[in-house]
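None of these values were measured; they are calculated from a predicted model.
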Amino acid sequence: MVSRVIPVDPFDLVIFGGTGDLARRKILPGLFRRFCSGQMPDTARVIGAARSEMTSDEYRAFVADAIREFGGGKSCENGTLEAFQARLEYVTVDAKGDGGWAEMVKLMDGRDVVRAYYFSVAPSLFGDLASRLHKWKLTNDQTRIVVEKPFGRDLASAKALNASLAEHFDEGQIYRIDHYLGKETVQNLMAVRFGNMLFEPLWNSQYVDHIQITVAETVGVGGRGDYYDRSGAMRDMVQNHLMQLLCLIAMEPPSKFDPDAVRDEKLKVIRALDPVAPHHVVRGQYEASADGPSYREAVEDPRSRTESYVAMKVGISNWRWAGTPFYLRTGKRLVARSSEISVVFKELNHSIFGEKQDHRNTLSIRLQPNEGITLNVTIKEPGPGGMRLVDVPLDMTFAEALGEEGEDPPDAYERLIMDVIRGNQTLFMRGDEVEAAWAWTDPIIAGWETRGDVPKPYDSGSAGPGDAVQMLARDTRVWREVKP
């Protein structure tokens, strides 16, 4: 199976924060991969913009180093890196002042192409950048802006952030990026649901027992301790990444595969979420191990009450999902790096094979690592001696099923940036969607802050606090094993 590479229209992509960590690790190597694939037209340009004093030649050397370090070993024909470097420019700008903006105008003047501005900076600078782009007339009818999370830290700040962007840009020009939505498997989730007659009739509370969404990380907070201790797993992961996965699993079929049609259905899911009871939330902090310090040591606060792990039971009050629980969990310093959605179907009402056995069909969508989809089905165990049942997987690991294309799918940032250039907002969050997510999240956070809840300690390298196991045990269910 061979994927088609469809070139995009000519563009200028300005990366504010073009010397930052995200640009170095993800954005610039991703753009290079798209260039190597032939997706970027000859007239496309990438313009770095930051406070650092740097010439364009120095920036080209900086980008080359980033690609060598974080490009994932992407091999291109001789001279390709030099050809990509020729597309690069750099401007020193002051987001809060007028320094450098005249140079930006001169660089952009006279080019009738798509203009995309990537705000790879702190959210506090979003409004300043939007204002100066407008003041210096650097926008046209093909302008798009890309903003990174966090989209606020509560409902009030999210509304303020949206309002600051709306002063100068229409909603159709704003691309709120969540890299989880760019993963190949996440998009395949929609194809599996809405492109196969097999699953959609079963995708409801009549046949589904429960759904688990797990995003587990082996790393700790690392150098992000200051940011993370002000956010925690709930704000950093649940409110955005896990919420988006939940929406894609639970949404109704949109009328068509259209950006607003898809996002309308996701918004309905968020608005149908039940309030979460205190005993349906478990928070934790990882302890020290031979591999690293404890969470409190990492953030340098021995009394921190910020969670590095959260698990919760969530209900959706609508016709499709009433009575079917969704179990969400995410945490740092866990036993394995794994992101998985598991749809666990109900048991048979009656088994003709005698003694009751727990053989459930489970559809597992693995987002990372080893992207793929597995359906567990029950068959007869080979050999004589009676009817012995065993569960086996029907496995579609992309690397095996799709050949070279499955082994090296485009990174999420690659796909999403190209969607920005195309003007396709399907995989980006709308402003009302972000605000609805915060409206549901805020009372949960306020509840544990009011109660003074202290996160439960858990061993680094484990599956999380024991209380999370007990939460499912009360429902006579178990978490799926976190596996690499």
Exercise for the section: Without swapping roles, check the side chain of Gln425 against the backbone of Asp258 for a donor-acceptor pair under 3.5 Å. Expected result: no
Handout entry: Electrostatic pair Arg430-Asp260, nearest N-O below 4.0 angstrom
Key = yes
Problem - Test of ring centre spacing under 6.0 Å for Phe326 and Trp321 - result: yes
Problem - Backbone N/O of Phe151 and side chain of Trp438: donor-acceptor pair under 3.5 Å - result: yes
Problem - Lys/Arg N to Asp/Glu carboxylate O, Lys149 vs Asp236, below 4.0 Å - result: yes
Problem - Lys26 bridged to Glu414 by N-O distance under 4.0 Å - result: no
Practice task
Look at Asp432 together with Arg263 and state whether they make a salt bridge at an N to O cut-off of under 4.0 Å.
Solution key: no
Handout entry: Ile365 CD1 to Ser342 OG distance, which is reported to the nearest 0.5 Å
Key = 7.0 Å
Fill in the blank from the handout: d(Phe62 CZ, Gln85 CD) to nearest 0.5 Å is 12.5 Å
Completion exercise
When Thr139, Val420, Leu165 are each screened for side-chain contact (heavy atoms from CB on, under 4.5 Å) with Ile145, the one that passes is Leu165
Exercise for the section: Could you tell me whether Asp419 and Arg422 have a side-chain N and a carboxylate O separated by less than 4.0 Å? Expected result: yes
Practice task
Answer yes or no: is there a donor N or O on one side and an acceptor on the other, between the side chain of Gln239 and the main chain of Trp440, under 3.5 Å?
Solution key: no
Handout entry: Whether Asp170 side chain and Gly172 backbone form a donor-acceptor pair below 3.5 Å
Key = no
Problem - Minimum heavy-atom distance Phe126-Glu148, with the two atoms named - result: CZ-O, 3.5 Å
Completion exercise
CD of Glu433 to NZ of Lys266, rounded to nearest 0.5 Å, is 4.0 Å
Practice task
Identify whether the distance between the nearest side-chain nitrogen and carboxylate oxygen of Arg115 and Asp12 falls below 4.0 Å.
Solution key: no
Exercise for the section: Indicate whether any N or O donor in one side chain lies under 3.5 Å from an N or O acceptor in the other, for Thr426 and Asn424. Expected result: yes
Exercise for the section: Please answer whether the main-chain N or O of Ile6 pairs with a side-chain N or O of Gln39 as donor and acceptor at a distance below 3.5 Å. Expected result: yes
Completion exercise
Sorted by chain and residue number, the side-chain hydrogen bond (donor to acceptor under 3.5 Å, both in side chains) partners of Gln285 (sequence neighbours excluded) come out as Arg296
Problem - Interatomic distance, Arg329 atom CZ to Leu334 atom CG [nearest 0.5 angstrom] - result: 8.0 Å
Handout entry: Arg480 and Ser364: side chain donor to acceptor below 3.5 Å
Key = yes
Practice task
State whether Arg230 and Asp226 are salt-bridged, where the test is any N-O pair (Lys NZ or Arg NE/NH1/NH2 against Asp/Glu carboxylate O) under 4.0 Å.
Solution key: yes
Practice task
Give the minimum heavy-atom separation between Glu371 and Thr185, together with the two atoms involved.
Solution key: CB-OG1, 3.2 Å
Practice task
Evaluate the criterion side-chain hydrogen bond (donor to acceptor under 3.5 Å, both in side chains) for residue pair Arg333 and Ser289; output intermediate values, then yes/no.
Solution key: CA-CA 10 Å; Arg333 294 296 298 274; Ser289 72; 2.7 Å; yes
Exercise for the section: Say whether Thr218 and Arg337, considering side chains only, have a donor N or O and an acceptor N or O under 3.5 Å apart. Expected result: no
Problem - Whether Trp136 side chain and Asp98 backbone form a donor-acceptor pair below 3.5 Å - result: no
Exercise for the section: Using modelled atom types only, decide if a donor and an acceptor are shared between the side chain of Gln173 and the backbone of Thr143 within a distance under 3.5 Å. Expected result: yes
Problem - SB check Glu200 Arg193 (cutoff 4.0 Å) - result: yes
Problem - Worked verdict on Arg176 versus Asn162 for side-chain hydrogen bond (donor to acceptor under 3.5 Å, both in side chains) - result: CA-CA 10 Å; Arg176 298 170 186 83; Asn162 282 337; 3.0 Å; yes
Exercise for the section: Please step through side-chain hydrogen bond (donor to acceptor under 3.5 Å, both in side chains) for the pair Asp229 and Ser304, ending with a clear verdict. Expected result: CA-CA 8 Å; Asp229 204 43; Ser304 173; 2.6 Å; yes
Problem - Ring center gap for Trp101 and Phe16 short of 6.0 angstrom - result: yes
Handout entry: Distance (rounded to the nearest 0.5 Å) between Ile15 CD1 and Ile417 CD1
Key = 6.5 Å
Problem - side chain to side chain contact (heavy atoms under 4.5 Å, CB included) partners of Glu217, counting only residues at least two apart - result: Val219, Lys332
Fill in the blank from the handout: Scanning both residues in full, the closest heavy-atom pair of Tyr309 with Ala468 reads OH-CB, 3.3 Å
Exercise for the section: Could you pull out the closest heavy-atom pair between Gly220 and Tyr286, with the gap in Å? Expected result: CA-OH, 3.4 Å
Handout entry: Check: Met418 main-chain N/O paired with Arg34 side-chain donor or acceptor under 3.5 Å
Key = no
Problem - Exercise: identify the closest heavy-atom pair between Val114 and Arg144 - result: CG1-NH1, 3.5 Å
Problem - Side chains of Ser339 and Gln368, donor plus acceptor under 3.5 Å - result: yes
Handout entry: Side chain Thr92, main chain Ser52, donor-acceptor under 3.5 Å
Key = yes
Fill in the blank from the handout: Rounded to the nearest 0.5 angstrom, the CG-CG distance for Leu248 and Leu181 is 6.0 Å
Fill in the blank from the handout: Correct closest heavy-atom pair for Ala436 and Leu267 would be CB-CD1, 3.6 Å
Practice task
Look only at the side chain of Glu103 and the backbone of Val91, and say whether a donor-acceptor pair between them is shorter than 3.5 Å.
Solution key: no
Exercise for the section: State whether Glu89 and Arg60 are salt-bridged, where the test is any N-O pair (Lys NZ or Arg NE/NH1/NH2 against Asp/Glu carboxylate O) under 4.0 Å. Expected result: yes
Practice task
Consider only side-chain N and O atoms of Ser157 and Asp154, and report whether a donor and an acceptor are under 3.5 Å apart.
Solution key: yes
